[in-house]
Each structure stands twice: as structure tokens, then as C-alpha cells.
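In what follows, chains are A, B, ... by sequence order, proteins preceding strands, each numbered from 1.
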2 protein chains.
Amino acid sequence: MSEFSRRAVTIREVAAAAGVSIGTASKALNGQGRLREETRARVMAAAERLEFRPNKLAQGLLHGRTFTVGLVTCDSFGRFSIPVMLGAEDALGAGQISVFMCDTRDDPIRERHYVERLLARRVEGIIVTGRRTEPRPSIGADLPVPVVYAMTQSTEPADFSVIPDDLGGSMLAVRHLLATGRRRVGHITGPQRFLAARTRAEGFADALAEAGATAAGDPLFGEWSEEWGRQGADILLRTQPDVDAVFCGSDQIARGVAETLRDRGRRIPDDVALVGFDNWAPMALGSRPPLTTVDLNLGEIGRAAATHLLDVIGGVPHQGGVRRMPCSLVLRESTRV
Amino acid sequence: MSEFSRRAVTIREVAAAAGVSIGTASKALNGQGRLREETRARVMAAAERLEFRPNKLAQGLLHGRTFTVGLVTCDSFGRFSIPVMLGAEDALGAGQISVFMCDTRDDPIRERHYVERLLARRVEGIIVTGRRTEPRPSIGADLPVPVVYAMTQSTEPADFSVIPDDLGGSMLAVRHLLATGRRRVGHITGPQRFLAARTRAEGFADALAEAGATAAGDPLFGEWSEEWGRQGADILLRTQPDVDAVFCGSDQIARGVAETLRDRGRRIPDDVALVGFDNWAPMALGSRPPLTTVDLNLGEIGRAAATHLLDVIGGVPHQGGVRRMPCSLVLRESTRV
DNA sequence: GTGAAAGCGCTAACAA
DNA sequence: TTGTTAGCGCTTTCAC
């Protein structure tokens, strides 16, 4: 029964089967050196037949390269880090690099532990992802391999991070509302302690300012929940009855806002236009009507982080800093003119 | 600037620093053999100072074990496979096993490619996760390492799969509705081509049958969307006006149903009780009212799959088959008595 | 109690 | 054109 105890085929066995020396077999398989076509074919055939797969560990030991990187996430592989991971895996996979995944569950002890383990496995680099854009402690000072932060940033200025351009994304949203003729735009968003909430509110203000428009009241900071969206909309309608557009800090909030607007008899987008943030499909599409929203391009963030990592691994001199990736606006019913 | 080109510390350097032979250093570090306490301490100190981390590749080559497994997902790390992966990582991480992640994007070519790559890296086993419970083609016949399927199953009876007990989960839900005095229970669910939808509908019928109750109409098969939930609820209210409970095939559907019920002036749960499926927090909690729903215990599924894999790796004889993990019922406002 | 040497699977430089 | 050999970093006998 123990088909699994059969050891993997080694190049020694291939060589024996082909009736050549082990060195010759290696050359044949790697297309190196000068050897007779017939010999090469014989070796290839034997390798094929035995299902030979060169042992990457042995190769790695020899070359001093493992073609692996570690992916450390603090988001429990959540909604934000998954697309980032996919983008990263995409960029890495193309380069034949395999990815070790580690979820720290937001536990620093666990994180330290994982980093140690990754280094023992001789990964060539580490990508750290998160769900919040605020600076977090560096994953380790002076590590022997390059590190990049994606969808989170390090407090250490020498580290390199890739995060979304929340400011620009907000401006896209508000400019769109203004362009469709709205003049009384309100803003309902998440907790003020979140950098993303503050930055988005800033973009909201900037976009209004550049158009010489004024906001429908101060930004309303609350929670990242539908429930808060409902409450916030109530407050907004009470204090700014003439509001004709709401820019929300998340799709969940926007959904709550949409529900309250409907309950209060305001038509979307006819009476009030609505823009969300995140482009979280199940939320944005399930909403009535479907939401115009800002897409974070998370996949691009992951891809950019991975590409940077590959560059540094490849020898490009490392430089610290923060790279902000542009957001894009996805148009749906909630702002149709 | 190239802090990254500095090669990793080897045991040779540790030995030199401690003034002992390389073999002695190894013994000291691994607590093997008999050596003087002072010597051991000296080696440990040197290792500490140099930040020595034994090269797992070299160890693996020697032991013939890599302490790695591959995690192949076809769900683009989506809503279902992530909790499964976390559970698996949990079980594996405890055993010091690292996980290579691979996302196939549902592409068989890519899948084959990844499996090859994993085998070349000498993973000791492979976990395949998915988003649908229907049987899928085996990942490869006669692989040299054990494979388990989690949240998906293989068409090959010799393969081992772990999936949720959809039937039992449905019965939990319906029994609960009956226990709270409901007598006219309807069922709105996803497309009939999904095994999960068919099995849940079966559980619905079974639970009613065991109580001698009759359904409020035939199950309504549609889509896995809120929009369908809204439509389905309309149909149900029209054809079964005396319905006093709805069991839904997903939380998204249940949300749509909840909206229509509200629009039609039916109070939840007073007039109509509502149960969802999946316990997808943002949906179930954002709903008005929050949804009673069936939890798939995805983490447990991942943990079970990983544990089984570890067992087989550890020598327990492999057995094909399907293991169905129990679901649990999460009580919230939508069925409060 | 410690060191020397063999070998895990592979590649590359050198000999034949 | 092919074979031999050294060695990647480590552990483990087996001498000393």
C-alpha cells in the first residue's frame, strides 16, 4: 500500500538506466556541454520514463539560490491581502519562484517565529502584507534578505512599502460627483483613528477645494460597518437636508447609506448620488442600486511589491520609501446621470 | 549598501569561531553526543552571536525530509478556501511544516505545472482546496506523495476528501425553525447544478419529513445572489402567502429575501423567520436583522485535511473516501422567538 | 570528549 | 564526447 514510501528518483538512477555516468546525465538534462545527440536522447528518455524531477533542494544548495520567497500576512488572508497575494504570486510565479505562506494572526511572537523559519529555509526575500495602511513596526532590523511591505507600511523609513493612493482615489470619486452636476456632497467614513479614513477625508476636501465647492457638512467618522452607514445617513439627512451626493469611505458604509436613503424616500441616483470605496464585489453589486466605487487595484499593489522584491534580489540597489499605487473609479448605477 | 549579498552563516563559521571542529559544533547545537558543558556553551554563544540558522535545505537533503507541503487552491484564495487554508496552516505550522501556496486560477495547465514544481521541491504532501464540493478530476494519478482534498472532492474514489456536511447542516436549520413553532417553511437556494444546492434542498426535505411537516412549496433554485433572493422571496410570497419561515441556501440569498420581506411589510422574525447558510460575517451581520445561519466550520475542514495528511505522511496507511465535517447553527435575530 | 570522513542529490571544472 | 571529482551545508558514524 505504501506507494508513498517510494523514494524520489535520483539522477543516479537515470544515469544507470541510460548507461551513462552521472555527470553525463546531468549535462544531457541541462543541455550543457557537448555530447552526442543519441546519448542526450537516451538520457532524456530514461528520465521521462522514470519520472525524474531534479531535486530543487540539492540544486539550491549548490547554487546558493532557493528561488523561494516568504509571504507574511497579518490579515488572516482577509479581503485585502488575498488579492495582494494573488498579484504577488503572479509576478513571482512567472519567475519560477515559489511562495511560502505564513499567517501571523497579528501575533508578534508568531511573526518573529515565522521570519526565523523563513530565513532558515533560505528564502531570498520576504513580502509583508496587511489590512491597514498605517505604519507598523519593521518585521526585523537588518535582515539578511530584502523585505517589502504591501498594503501596509513600516515605521522604518529605510523599508520599502507599496500602498494604495487613497488620496487620489477619493479625489477621483469626488471629481466624478461634481462632474455629474452634484453640488452638495457629504462624506461618511470609518473611524478617524484609521489612516485610510483620514486620508480619504482629506482627498474629499481637496477635490472640493480645487473645484471651489463646499462640503455638505463635516466628514462623519464612525465605523467600517453598514450599521454606521445607516446611522450616518440619518445624521446627514437631518443636518444637511439638501445633500445631493454622498461619498463613502467603504462599500459597506455606502450600502448602509443606500438603505437609509431608500427608507427615507430619496431616489438613488436621481435625488442623491452615491460612491463607495474598495470595490468589494459582493457588497457593491448586491447593493440597490449597484455602487459606483473606488477600486484599490490590490492585485497591482501585490504585483508591484513582488516586482520590486525581484529587482532587489536581482541586484538593483535597495531604496526605502513609500510607493502609492493609483486607484481607479468603477462606474455603476448609483451615480448614473 | 548590499547588506543582502552577505552570505548566510554556516556551521563551519560557527565552529571556527568557537574553536572546535565542525562535527562538534553540530553536536553541540543539536544536543547530541557527549561533550563538555563548557564546549557546548561556547558553541551556542558563537552561534548566537553570528545569528546562525541551520540551513533547512541541507538538513532536508540529508534526512530525506523537507517538512514542507503544497497547498493548491482553485478558488483564487476566495471566501471558502481561505478559512480552510488557515485551518490547515494551523495544524501544519504546529508540526513545523511550512506551506507552499499555489493558485491555479482554475486552469488545468497551471495546476499540472504547479504540481510538478511542488514535487520538484520535494513537498511531503499536497492539499487541494476548492470552492465547490462537486467531484473534480484527480490532481494526478499515482503521485509519489499523499494528497487530500478539502472543500472539494476528487472523482477518484481512492482519493481522500474532506467536505462539509451540507445535509446535516440543513437539517439543523430546519429543525430549529420547526422547534420555534414554524409550520410553513419555504426554501430558496442556488442553482440546481451545484451539488451543495441539491444536498441542502435534500436536508430541507428530510428534516421536514422527519417531523411530519410539509414544505411551503417546492425548493426555489436560482442563483447565489442577493438579487435572486429578492426575486425568490417575491415568488414565494405570491405562491405561498402563509409562509412563516424561509430557509435559504446562502447568506447572500437570505439577505435578498430579508429586503423583500421588509419591503412587503413582513416583520422578521415575527411574521417570517429566516435562516441563511455559510455564516459569512459581513453578509450575515449587515443584514437587517442579523441572520441566523449555518456555519460550515471551514477552519475545521482545513484542520482535518491537514491532520489526515500528516497522519499519512507519518505512516498511517492511506484510505480513500469522503469525510463530512459537521456544520453548526449560529443563532441571531432573524429567528429570535 | 572531540575530530575526521562519508554522504544526502546535484552541477561544473577538469581529465581522459 | 564522456567520465571523474570536488563540494554546496549539514549530520552521523567511527576513530582517537
Side-chain angles (χ1 to χ4, degrees), chain A residues 5-44 46-47 50-68 96 117 119-124 144, chain B residues 5-44 46-47 50-68 96 117 119-124 144:
Chain A
S5 62
R6 89 166 175 247
R7 302 243 334 297
V9 178
T10 74
I11 196 170
R12 169 177 271 108
E13 301 168 52
V14 174
V20 297
S21 81
I22 182 172
T24 304
S26 174
K27 275 175 232 160
L29 291 165
N30 296 296
Q32 309 285 22
R34 247 157 302 279
L35 27 102
R36 227 169 350 147
E37 199 42 56
E38 189 268 338
T39 312
R40 186 182 303 275
R42 198 147 36 89
V43 172
M44 296 303 256
L50 299 174
E51 295 188 325
F52 170 69
R53 285 175 261 264
N55 187 328
K56 286 277 181 223
L57 275 75
Q59 292 182 332
L61 201 52
L62 205 52
H63 293 135
R65 290 203 58 183
T66 58
F67 295 94
T68 58
Q96 297 278 78
R117 201 190 280 186
L119 293 176
R121 293 205 183 272
R122 298 298 186 266
V123 295
E124 301 183 23
Chain B
S5 63
R6 91 166 172 245
R7 302 242 333 302
V9 178
T10 73
I11 198 172
R12 170 177 270 106
E13 301 168 53
V14 173
V20 297
S21 82
I22 183 173
T24 304
S26 173
K27 278 173 227 159
L29 291 165
N30 296 296
Q32 309 285 23
R34 247 157 301 281
L35 24 108
R36 227 168 350 148
E37 198 43 55
E38 190 268 339
T39 312
R40 187 181 303 277
R42 199 144 37 89
V43 173
M44 296 302 257
L50 299 175
E51 295 188 327
F52 170 70
R53 285 176 262 263
N55 187 329
K56 287 278 182 223
L57 276 73
Q59 292 182 331
L61 200 52
L62 208 51
H63 296 135
R65 291 204 57 183
T66 57
F67 294 94
T68 58
Q96 297 278 80
R117 200 189 281 186
L119 292 176
R121 293 203 183 274
R122 298 296 188 266
V123 295
E124 301 182 23

Separation of atom [atom1] in [X] from atom [atom2] in [N], rounded to whole Å:
{"X": "A:L35", "N": "C:dA12", "atom1": "CG", "atom2": "C1'", "value": "14 Å"}
{"X": "A:R12", "N": "C:dT11", "atom1": "CZ", "atom2": "C1'", "value": "14 Å"}
{"X": "B:L57", "N": "D:dG9", "atom1": "CG", "atom2": "P", "value": "11 Å"}
{"X": "A:E13", "N": "C:dG9", "atom1": "CD", "atom2": "C1'", "value": "11 Å"}
{"X": "B:E38", "N": "C:dG1", "atom1": "CD", "atom2": "C1'", "value": "12 Å"}
{"X": "A:L29", "N": "C:dA12", "atom1": "CG", "atom2": "C1'", "value": "15 Å"}
{"X": "A:I11", "N": "D:dG3", "atom1": "CD1", "atom2": "P", "value": "13 Å"}
{"X": "B:N55", "N": "C:dC10", "atom1": "CG", "atom2": "C1'", "value": "14 Å"}

DNA chain C: 5'-proximal contact among B:R40 and B:A58 (nearest heavy atom): B:R40

Hey, does [X] reach any base, or is it just sugar-phosphate, or nothing, if we go heavy atoms under 4.0 Å?
{"X": "B:T10", "answer": "sugar-phosphate"}
{"X": "A:R34", "answer": "base"}
{"X": "A:L62", "answer": "base"}

B:K27 (side chain) and C:dG1 (base): donor-acceptor pair under 3.5 Å: no

Heavy-atom donor-acceptor pair, A:K56 side-chain to C:dG9 base, under 3.5 Å: no

Quick one: does [X]'s side chain get under 4.5 Å of [Y]'s, heavy atoms only?
{"X": "A:K56", "Y": "A:F67", "answer": "no"}
{"X": "A:R117", "Y": "B:Q96", "answer": "yes"}
{"X": "A:R121", "Y": "B:N55", "answer": "no"}

Below 4.0 Å: OP1/OP2 of D:dT11 and any side-chain N or O of B:N30: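 For D:dT11, OP1/OP2 do have a side-chain N/O of B:N30 under 4.0 Å.
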
C:dT11 OP1/OP2 closer than 4.0 Å to side-chain N/O of A:Q59: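 Answer yes for this pair, as a side-chain N or O of A:Q59 is under 4.0 Å from OP1 or OP2.
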
CG-CE distance between A:L29 and A:M44, expressed to the nearest 0.5 angstrom: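 One finds 6.0 Å between CG of A:L29 and CE of A:M44.
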
[options]: which one has an atom nearest the side-chain heavy atoms of [X]?
{"X": "A:H63", "options": "C:dT11, D:dT1, C:dG9", "result": "C:dT11"}
{"X": "A:T24", "options": "D:dT11, C:dC10, D:dG3", "result": "D:dG3"}
{"X": "B:R36", "options": "D:dT1, C:dC10, C:dT2", "result": "C:dT2"}
{"X": "A:L61", "options": "D:dG9, D:dT2, C:dG1", "result": "D:dG9"}

Side chain A:R65, main chain A:G60, donor-acceptor under 3.5 Å: no

